[in-house]
Engineer: 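Below you will find the structure I want to go over with you.
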Number of protein chains: 2
Amino acid sequence: MDHLKFHTDKLRASGLRPTKQRLAISKILFNRKETFHFTIDQLKKIAEKNIKKKISVATLYNTVHAFEKKGYLKEISLKGNKTFFDTNTRSHHHFYDEETSQLTDIKNENISISNLPKAPNGKKIRDIEVTIKVASNNQKQKNLV
Amino acid sequence: MDHLKFHTDKLRASGLRPTKQRLAISKILFNRKETFHFTIDQLKKIAEKNIKKKISVATLYNTVHAFEKKGYLKEISLKGNKTFFDTNTRSHHHFYDEETSQLTDIKNENISISNLPKAPNGKKIRDIEVTIKVASNNQKQKNLV
DNA sequence: ATGCAGTTTATAATGATTCTAAACTATAAG
DNA sequence: CTTATAGTTTAGAATCATTATAAACTGCAT
C-alpha cells in the first residue's frame, strides 16, 4: 500500500486524522515528483476514481483548505471563477495557457526581475508572482514594451 | 455636460448605442487621468450614485463585457471570487495589497524581466503579468530566493 | 468494546455571474 | 414630428463555485 505511512504520518503530524478521504487526497497530491496544479472538481474526479466511491465536495474543500493552512498547498492568482491550487508552495512563477487552462511552473531562479519600483506607502513586498500567458503561435501578441 | 460628445462618439464608434447607462459608466471609467481598478459591485455603487437611480447588474455586466470586447477594459488575474477590471489595457503590472484589495499599476518599463525560459511546446508568449503582493510591514515575507 | 471528539456527508445557503423574455428606447425612415 | 423596429435595459430566475449546517459516521484513547 504505497507509502501509506508517509501520508498517515504527515496527516497526524499536522493534527489531522488520517481518514480514508484525506489519505486518498494526500496520495493524489503528494505522491508526485512534479508540481500538481488543480481545481476542486478536477481533484474530485481523480479522488472518486481512486477510491471508487463518491466523495463530498465539502470534504474536498475542507481538506484542501486544511492542507493550504498547513502550508502544503497554495492558491494561484488567475482570472476566471474557479480557484486553482498548486502543490508547489515555494515562491515561483507560471506559464499559463488560457486556451487549455494548463499551468507550468517556472522556478524563481529561472526568471530575473530587476529595477522594481518601491512598494506604496508603509507597505512591504511579500511575494512576486509572474504569470506568462502563452498561446498557439497563430495568436496575436501584446505589445510587451 | 462634461465631455458628453466624447463618450457618445466613443460608444457610437464601437457600434454601441449611447444610452444613459452606458454614458454614465463610460464617464466613470474613462473620465480619469489615473488607471481605475474595479469590481462590478463597486462600479454599480458609483454609477447609481451618479445617475441617482438603480441600475441592473445585468446592464453592468453587459456594458463592462462590451467594453472589454472592444479593448477598453481588461480583466486582472487575482485570486478570490470576484473579477477585477482595469481601465489600463496596456500590458503592465501591479502591486496588490491583499489586505485591502488595493491595486496599483506598475508600468512595463518600470520592471525589468530577463532570462525568461522559453515557452512550452508549440506555444508563444503573449503577455507577462507581474503581481507584487504587498502587506503592512509587520507581516512575514516569503523567501524570494 | 465503548465513548466521544473529530470527520464526512447531503443538503441548504450564499455570492458572483449569466440567462431570459418582457418592457423600454434610440434612431432611421417617412 | 410620428412610427416601426432593432438594440437595450431590467427584474427575476438559473447556474456555478464555494461555504455553512447539523445529522450520521469513524478513528482512536480508554
Side-chain angles (χ1 to χ4, degrees), chain A residues 1 4-5 7-26 28 37-45 47-48 50-70 73-85 101, chain B residues 1 4-5 7-26 28 37-45 47-48 50-70 73-85 101:
Chain A
M1 245 196 167
L4 213 175
K5 185 164 188 314
H7 297 285
T8 303
D9 290 352
K10 180 167 185 165
L11 285 166
R12 265 201 262 265
S14 311
L16 300 169
R17 281 193 186 167
T19 62
K20 270 188 281 297
Q21 293 85 342
R22 284 175 178 163
L23 284 167
I25 293 170
S26 186
I28 292 165
H37 304 105
F38 64 96
T39 60
I40 291 291
D41 57 302
Q42 288 166 357
L43 179 59
K44 183 168 195 283
K45 288 194 186 103
E48 293 184 341
N50 285 12
I51 65 176
K52 298 186 215 15
K53 286 207 307 180
K54 289 258 165 252
I55 184 168
S56 166
V57 287
T59 300
L60 290 157
Y61 279 102
N62 287 343
T63 303
V64 164
H65 286 151
F67 286 173
E68 189 186 9
K69 194 164 296 175
K70 290 294 170 184
L73 290 175
K74 76 172 192 177
E75 202 181 321
I76 300 174
S77 301
L78 287 181
K79 53 189 184 186
N81 34 333
K82 285 193 210 307
T83 301
F84 279 78
F85 294 93
S101 295
Chain B
M1 245 192 170
L4 210 175
K5 184 164 187 317
H7 298 285
T8 303
D9 289 353
K10 179 167 187 166
L11 285 165
R12 266 201 262 264
S14 311
L16 300 168
R17 284 191 184 168
T19 62
K20 270 188 279 298
Q21 294 85 343
R22 285 175 177 163
L23 284 167
I25 293 169
S26 186
I28 293 165
H37 304 106
F38 64 95
T39 59
I40 292 291
D41 59 300
Q42 288 167 354
L43 180 60
K44 184 168 195 281
K45 289 195 185 105
E48 293 184 341
N50 285 14
I51 65 176
K52 298 185 212 20
K53 285 207 307 182
K54 291 256 165 255
I55 184 168
S56 166
V57 286
T59 300
L60 289 158
Y61 280 103
N62 287 343
T63 304
V64 165
H65 287 150
F67 286 173
E68 190 185 9
K69 194 165 296 175
K70 289 294 169 183
L73 290 175
K74 75 172 193 177
E75 202 181 321
I76 300 174
S77 301
L78 287 180
K79 54 188 183 188
N81 36 332
K82 284 190 210 306
T83 300
F84 279 78
F85 294 92
S101 295

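Throughout, a chain's letter reflects where its sequence line sits, starting with A, and its residues are numbered from 1. Keep in mind the model is a prediction, meaning the values are calculated, not measured.
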Engineer: Assign a letter to each nucleotide of nucleotides 15-30 of chain D from its 5' end: B, base within under 4.0 Å of a protein heavy atom; S, sugar-phosphate only; -, no contact.
Structural biologist: --SBBB-----BBS--
Engineer: With a 4.0 Å cutoff (strictly under), does any side-chain N or O of B/Q21 reach OP1 or OP2 of D/dT10?
Structural biologist: yes
Engineer: Just how far, in rounded Å, is P of D/dT10 from CD of B/E48?
Structural biologist: 9 Å
Engineer: Do the charged groups of A/E48 and A/K54 touch, with an N to O distance under 4.0 Å?
Structural biologist: yes
Engineer: For the pair made of CD1 in A/I55 and P in C/dT8, what is the distance, rounded to whole Å?
Structural biologist: 8 Å
Engineer: Take B/I40 and B/F85 through the test side chain to side chain contact (heavy atoms under 4.5 Å, CB included) and record every step on the way to the result.
Structural biologist: CA-CA 8 Å; B/I40 292 291; B/F85 294 92; 4.1 Å; yes
Engineer: Send over the distance from B/L23 CG to C/dT25 C1', rounded to a whole Å.
Structural biologist: 13 Å
Engineer: Measuring from B/L73:CG to B/F38:CZ, what's the distance to the nearest 0.5 Å?
Structural biologist: 4.5 Å
Engineer: I need the CG-P distance between B/L4 and C/dA26, as an integer number of Å.
Structural biologist: 12 Å
Engineer: Between C1' on C/dT25 and CZ on B/R22, what's the gap in Å once rounded to a whole number?
Structural biologist: 12 Å
Engineer: Using whole Å, what does the distance between atom C1' of nucleotide C/dA16 and atom NZ of B/K79 come to?
Structural biologist: 19 Å
Engineer: Indicate yes or no for a side-chain donor-acceptor contact from B/T63 to the backbone of B/T59 under 3.5 Å, with no hydrogens or angles considered.
Structural biologist: yes
Engineer: Calculate the interatomic distance between A/L11 atom CG and C/dG6 atom P; express it in whole Å.
Structural biologist: 16 Å
Engineer: Assign A/G15 to base, sugar-phosphate, or nothing according to its heavy-atom contacts below 4.0 angstrom with the strands shown.
Structural biologist: sugar-phosphate
Engineer: How far does CD of B/E75 sit from NE2 of B/H65, to the nearest 0.5 angstrom?
Structural biologist: 6.5 Å
Engineer: Round to a whole Å and report the spacing from CG of B/L60 to P of D/dT10.
Structural biologist: 8 Å
Engineer: With side-chain hydrogen bond (donor to acceptor under 3.5 Å, both in side chains) as the rule and sequence neighbours excluded, what pairs involving residues 11-20 of chain B come up?
Structural biologist: B/S14-B/Y72
